[in-house]
There are 2 protein chains.
Amino acid sequence: MKFFKVPEPTIMRLSLYSRILEQMEDRGVPIISSVELGDAVGINSGVVRKDLSMFGEFGVRGVGYNVRELRDNIRKLLGQDRNWPVIIVGAGHLGSSLAAYPGFQQRGFDVVAMVDTDPEKIGTQVIERPVVSWEEAEILIKEHGVRMAILAVPVDAVQSVAQQLTDLGVEAILNFSPIILKGPSHVQVQNVDLTVYFDLMRFTQNLNTNGLRPQATTVRGIAFR
Amino acid sequence: MKFFKVPEPTIMRLSLYSRILEQMEDRGVPIISSVELGDAVGINSGVVRKDLSMFGEFGVRGVGYNVRELRDNIRKLLGQDRNWPVIIVGAGHLGSSLAAYPGFQQRGFDVVAMVDTDPEKIGTQVIERPVVSWEEAEILIKEHGVRMAILAVPVDAVQSVAQQLTDLGVEAILNFSPIILKGPSHVQVQNVDLTVYFDLMRFTQNLNTNGLRPQATTVRGIAFR
DNA sequence: TAGATTGTTAATCGATTAACAATC
DNA sequence: TAGATTGTTAATCGATTAACAATC
């Protein structure tokens, strides 16, 4: 078995490259240089080359990268070329907006269902997705081989829902609740805490207010200005 | 004028500390150690102490940190003690779910309005927030001194909406659309691209699928397992 | 060949970790 | 005083940046 050590910033940038390349492909651009790709995502061209070189030699010296070829390679790396069934837990505002996310289907995710405990919601459809009970969810998870779940439930329900999901064999949980979810080590938990971003913005604004000027910083390797 | 250089991971962790301290305060816990606080957010106690020491000496050696005191200090640092009027642009699913976000009001943000161009929506209320036109938005922005905006509009509208906001004097934009927004240098733009997180999860799952096991990594300084 | 751009190496930077003196 | 925990320093680690040889 081979061991991999890919810096997280690299993976996140691959995701950005992927979208830019998609756009280029749509526009019929055949070749792209690391400088152009870097500019598009707001980073240095060296980073682009370094990131890509971790996975192979995709470019041609003196020429650049074949857009379609590179796109296909990155898609494969990120698993965007396969179909990933996911379930969304919580059919509230956030859950619904995630279900409605256009990039979702488009990028290889397939929301098989939304789980909720509210009897009023169960049996209905939200954004053309069936809202189901946990009993039905269990069946669907087995049936579709669901391995990824998205959590958009109230804070106090997070931990028990995560347990439930783990018991049902889910291997990856993307948690949007503002709480740090801890799962067993074999389950990949990714906490995305939106309040952190609000606080991040406000911190800077607050410094400005106080007559202080923070130095430019970077966010997750993505330059912002 | 004083110059500040605060690592971004530190700011994000301050946000996490803030919430944990809020919970402790609610539970009536008077004192907390860096070890306890570190455990609660899943990091090493040394990081906690280092982060806090950037802003002052908040603890007592041999004892720990006074929960209420530390909470108040961090609130002040992050600007959570003041009221920040914000507007949300885009009254669709994502915009609505952000408006519904309970932590919003609670943590010092005040959504004064939601802006939309759909005549069907203008004049209605979403989550008790008025949906207004750009003309009305302009008035409200001036009236409330709005400096922060949240973007939840379709991809193709992002750049022009950002321009509009900048023209109206908005200084900070939190962009949720999966596009890298570039604003003028005096405007703070924070791109939060949810698709990046999906890809991040999937990348790991994809490696697992291929029989590879990625090493444990960290996300934005927050350990996950 | 001349020009361009990759892939890669070495230097730099910054954040995390480990360790411990200070001190309650 | 003994035990505990902070604030801080030095060592480590890892990512970014700069530079350039390889090569189309």
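Here is how names work: the chains are called A, B, and so on, in the same order as the sequence lines, proteins then strands, and each is numbered from 1.
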Side chain to side chain contact (heavy atoms under 4.5 Å, CB included) partner of A:Asp51, the single match among A:Leu16, A:Thr10, A:Ile11, A:Ile74: A:Thr10
Atom pair distance, as rounded to whole Å: CZ in B:Phe58 and P in D:dT6: 14 Å
Criterion side chain to side chain contact (heavy atoms under 4.5 Å, CB included) against A:Val153, the qualifying member of A:Asn175, A:Leu94, A:Val158: A:Val158
Paired nucleotide for D:dT17 [Watson-Crick or G-U wobble; both distances under 3.5 Å]: C:dA10
B:Ser18 side-chain N/O to B:Leu14 backbone N/O, donor-acceptor pair under 3.5 Å: no
Close approaches to DNA chain C from residues 22-32 of chain B, in residue order (heavy atom, under 4.0 Å): none
Value in whole Å for how far the C1' atom of D:dT16 lies from CD of A:Glu8: 16 Å
Interatomic distance, B:Tyr17 OH vs D:dT6 C1' [rounded to whole Å]: 14 Å
Nearest-neighbour nucleotide for the B:Pro9 side chain, D:dA15, C:dG7, C:dT16 considered: C:dT16
Any B:Arg107 side-chain heavy atom under 4.5 Å of A:Asp199 side chain: yes
Identify each atom pair where a protein N or O and an N or O of nucleotides 18-20 of chain D are less than 3.5 Å apart, giving names and distance.
{"residue": "D:dA19", "atom": "N6", "partner": "A:Arg49", "partner atom": "NH2", "Å": "3.4"}

Gap between atoms CD1 and P, on A:Ile43 and D:dT16 respectively (whole Å): 9 Å
Presence of A:Tyr65 side-chain N/O under 4.0 Å of D:dC24 phosphate oxygens OP1/OP2: no
Integer-rounded Å distance: C:dT6 P and A:Phe55 CZ: 18 Å
Length of the line joining B:Glu57:CD and C:dA21:P, which is rounded to integer Å: 18 Å
A:Glu69 and A:Asn73 side chains, donor-acceptor separation under 3.5 Å: no
Any A:Val48 side-chain heavy atom under 4.5 Å of A:Leu52 side chain: yes
Phosphate contact (C:dT8 OP1 or OP2) by A:Arg61 side-chain N/O below 4.0 Å: no
Whole-Å distance separating the NZ atom of B:Lys5 from the P atom of C:dG14: 7 Å
Atom-pair distance (CG on A:Leu70; C1' on C:dG7), nearest Å: 14 Å
Counterpart base for C:dC24, defined by Watson-Crick or G-U wobble contacts under 3.5 Å: D:dG3
Nucleotide nearest B:Pro7 when distance is taken to its side chain, options C:dA15, D:dG7, C:dT8: C:dA15
Residue closer to the 5' end of DNA chain D, B:Gly59 versus A:Val47 (nearest nucleotide): B:Gly59
N/O donor-acceptor pair under 3.5 Å between A:Asn44 side chain and A:Gly46 backbone: yes
Close side-chain approach of A:Leu70 to A:Tyr17, heavy-atom, < 4.5 Å: no
Exam field: side chain A:Asn191 to backbone A:Leu181, donor-acceptor pair closer than 3.5 Å: yes
B:Asp51 or A:Ser33, whichever maps to the more 5' nucleotide of DNA chain C: A:Ser33
Main-chain N/O of B:Gly79 paired with B:Trp84 side-chain donor or acceptor, under 3.5 Å: yes
Sugar-phosphate, base or nothing in reach of A:Ser34, heavy atoms under 4.0 Å: sugar-phosphate
